[in-house]
Amino acid sequence: RDRYTGLINRYRDHLPVNDDTPIISLGEGNTPLIRLKNIPRLLGKDVDIYVKYEGLNPTGSFKDRGMTMAVTKAVEEGSNAIICASTGNTSAAAAAYAARAGITAFVIIPEGKIAMGKLAQAMMYGAVIMQIRGNFDQGMQLVKDVAETSPVTVVNSVNPYRLQGQKTAAFEIIEELGRAPDYHCLPVGNAGNISAHWMGYSEYHKSGVVSAAPTMVGYQANGAAPFLRGAPVRDPETVATAIRIGNPQSWDKAWTVRKESGGWFDELADDEILAAQKMLAEKEGVFCEPASAASIGGAMRDIRAGKIAEGSTVVCTLTGNGLKDPDTAIDQCREDLQKGSRMVTIEAELDAVRDAI
Ligand code: F0G
């Protein structure tokens with residue numbers, strides 16, 4: 001059996017590469033599809049819920065799927081610098097794949113609004129970091145403007161190769177389930193990922209690999225929910241900093257996904273996102289970052305309400321690893337810490353450990 005060498009090699013027949021393309025890979029993709037055991041029981045509903053744990057990609061998020069393609073094509077086209085605006089994960093992935101390719105990554109991030117793990121990654125992988133006194137949407141505009149005159153390749157999801165790479169998650173899910181799920185739930189920021197998934201499902205549907213495509217459901221944080229407002233949001237705000245986006249780049253694509261798949265958008269309060277993140281960790285042993293938990297939090301609500309019917313197979317994408325945002329995770333446990341129910345400080349003595357047990 002061939003060694004797994006990343007998603008481009010795995011799916012090269014479905015991707016815009018040829019035998020001469022210099023593939024830049026860190027072994028991304030092939031992430032676990034985990035069937036939940038305890039949460040369906042707690043919901044009291046007969047549903048099959050799977051989480052696609054994209055946090056186990058090489059830099060800890062789904063962005064690696066898009067970045068292997070975007071950087072591969074940038075290098076093939078002779079580029080020696082890439083640039084992106086980012087709420088954190090794209091910058092980490094861009095920095096890593098640029099390092100691998102031996103080219104420069106410039107990243108623009110909103111000052112003070114990206115999770116610490118992501119900042120650490122961009123620094124360690126050697127990106128040139130521009131913190132702006134502004135938000136992601138402003139950074140995105142700057143990237144588009146500067147790329148018009150400077151020799152840098154934009155690797156945000158406006159780069160079509162990004163979505164090509166990201167569509168492979170849908171292929172993996174289909175191969176594992178032997179069919180498409182009935183519902184696929186994702187957190188939505190720029191809406192690149194929901195559009196990429198739909199592209200993947202549609203390709204396998206059209207070529208007859210599966211007889212149906214899923215209903216696509218996109219969840220946003222209520223402080224950053226342009227798809228619910230029907231218009232861009234000027235000052236997006238949410239604890240889920242990854243999806244703190246007010247002016248989605250794949251606006252039209254996402255509305256097409258909703259229409260073609262018969263799906264919907266909905267929004268969650270920050271508290272609901274955080275509760276879902278903690279529940280998934282405590283009840284299933286799966287630790288994702290806050291933005292990712294919008295998918296499972298939203299799905300649980302729609303399953304409870306019967307909007308997602310019993311008997312359904314549901315896949316939720318967990319877009320990023322929980323370790324990306326240690327500050328929010330520790331904050332989440334503050335109450336437990338204060339109650340003394342989860343952590344005690346004791347003498348380094350057997351009696352003290354016995355007492356604590
Ligand atoms: N979840 C996580 C963890 C993300 O980092 C992002 C986007 C999304 C969901 C939303 O995906 O934009 O395709 O709808 N993060 C980008 C970034 C914006 O810069 O890392 P989307």
Side-chain angles (χ1 to χ4, degrees), residues 51-57 59-67 70 83-96 105 107-110 113-115 117-119 121-122 127 129 132 135-140 143 154-159 162-163 165-167 169 184-199 216-221 224-227 236 238-251 253-255 257-258 265 268 273 276-277 287-298 316-325 328:
V51 290
K52 180 72 168 158
Y53 196 13
E54 291 287 277
L56 291 192
N57 274 297
T59 79
S61 86
F62 72 96
K63 304 290 181 179
D64 295 341
R65 289 183 189 274
M67 208 53 75
I83 190 166
C84 65
S86 181
T87 56
N89 282 324
T90 302
S91 67
V107 306
I108 295 187
I109 55 172
K113 293 291 185 179
I114 86 165
K118 304 174 188 180
L119 185 59
Q121 287 181 292
I129 302 169
I132 55 165
N135 62 27
F136 170 85
D137 302 300
Q138 292 166 295
M140 191 63 239
V143 162
V154 177
V155 294
N156 281 103
S157 55
V158 294
N159 177 326
R162 278 276 313 273
L163 301 197
Q166 287 170 216
K167 77 182 178 185
H184 190 127
C185 305
L186 297 110
V188 168
N190 269 313
N193 208 27
I194 196 170
S195 305
H197 276 76
W198 183 242
M199 200 189 289
M216 303 297 291
V217 186
Y219 296 106
Q220 301 211 279
F227 285 104
T238 169
V239 68
T241 52
I243 51 172
R244 186 173 170 272
I245 293 171
N247 187 18
Q249 297 300 305
S250 293
W251 180 257
K253 280 198 182 74
W255 284 112
V257 171
R258 197 200 74 139
F265 297 113
L268 288 82
I273 289 173
Q277 184 199 19
F287 186 23
C288 66
E289 67 169 287
S292 310
S295 63
I296 184 73
C316 296
T317 299
L318 301 179
T319 45
N321 198 298
L323 294 171
K324 291 270 193 177
D325 191 350
T328 304

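Every number for a ligand or one of its atoms is a count from 1 in the order of the listing.
- Of the polar atoms of T87, at least one N or O is found under 3.5 Å from an N or O of ligand 1, judged by distance alone.
- Proximity to V188 (heavy-atom distance under 4.0 Å) selects the following atoms of ligand 1: 14 (O).
- Listed by number with element, the atoms of ligand 1 under 4.0 Å from a non-hydrogen atom of S86 are 17 (C), 19 (O), 20 (O).
- Nearest protein heavy-atom neighbour of atom 11 (O) of ligand 1: F62 CZ, 3.5 Å.
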Result block: side-chain N/O donor-acceptor pairs under 3.5 angstrom for residues 188-197, not counting sequence neighbours:
| unit_1 | atom_1 | unit_2 | atom_2 | d |
| --- | --- | --- | --- | --- |
| N190 | OD1 | Q249 | N | 3.0 |
| N193 | OD1 | Q166 | NE2 | 3.0 |
| S195 | OG | A191 | O | 2.7 |
| H197 | ND1 | N193 | O | 2.9 |

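- For Q220, there are no side-chain hydrogen bond (donor to acceptor under 3.5 Å, both in side chains) partners at least two apart in sequence or on another chain.
- Ligand 1 has a nitrogen or oxygen under 3.5 angstrom from a nitrogen or oxygen of T90.
- For S61, the closest heavy-atom approach to ligand 1 does not fall below 4.0 Å.
- Protein heavy atom at the shortest distance from atom 4 (C) of ligand 1 is A242 CB, 3.5 Å.
- In this structure, S157 has no heavy atom closer than 4.0 Å to ligand 1.
- Checking only distances, E289 never comes within under 3.5 Å of ligand 1, N or O to N or O.
- Formation of a donor-acceptor pair under 3.5 Å by the D325 side chain with backbone atoms of A115 is not found in this model.
- V217 has its side chain out of reach of L186: every pair of non-hydrogen atoms, C-beta onward, lies at least 4.5 Å apart.
- For ligand 1, the polar-atom distance check against N89 finds a nitrogen or oxygen pair separated by under 3.5 Å.
- Residue G320 has no nitrogen or oxygen atom sitting less than 3.5 Å from a nitrogen or oxygen atom of ligand 1, judged on distance alone.
- Ligand 1 places these atoms under 4.0 Å from at least one heavy atom of I245: 18 (C).
- Distance check: F136 CZ to I245 CD1 gives 4.5 Å after rounding to the nearest 0.5 Å.
- Among the atoms of I243, none of the N or O lies under 3.5 angstrom from an N or O of ligand 1.
- Inclusion of N193 in the set of residues having an N or O under 3.5 Å from an N or O of ligand 1 is warranted.
- Scanning both residues, S91 and A122, for their nearest heavy atoms gives OG-CB, 4.3 Å.
- Side-chain atoms of N89 and E289 include a donor-acceptor pair closer than 3.5 Å.
- Residue contacts with ligand 1 for I194 are absent, since no atom lies close enough (heavy atoms, distance under 4.0 Å).
- Some N or O of A191 is nearer than 3.5 Å to an N or O of ligand 1, by distance alone.
- N321 contributes atom CG, which lies 9.5 Å from atom OG of S61 (distance to the nearest 0.5 angstrom).
- Ranking protein heavy atoms by distance to atom 12 (O) of ligand 1, first place goes to N190 N, 2.7 Å.
- Closest to atom 15 (N) of ligand 1 among all protein heavy atoms lies K63 NZ, 2.9 Å.
- No hydrogens or angles considered: nothing links the side chains of K113 and N135 as a donor-acceptor pair under 3.5 Å.
- Residues V107 and C84 have side chains in contact (heavy-atom distance under 4.5 Å, counting atoms from C-beta outward).
- Which parts of ligand 1 touch T319 is read off a 4.0 Å heavy-atom cut-off, strictly below it: atoms 1 (N), 2 (C), 3 (C), 9 (C).
- Ion pairing of E54 with K63 is absent here, as no side-chain N (NZ or NE/NH1/NH2) approaches a carboxylate O to less than 4.0 Å.
- For the pair N57 (side chain) and D64 (backbone), a donor-acceptor distance under 3.5 Å is absent.
- Close contacts between ligand 1 and G192 involve ligand atoms 13 (O), 14 (O), 21 (P) [criterion: under 4.0 Å to a heavy atom].
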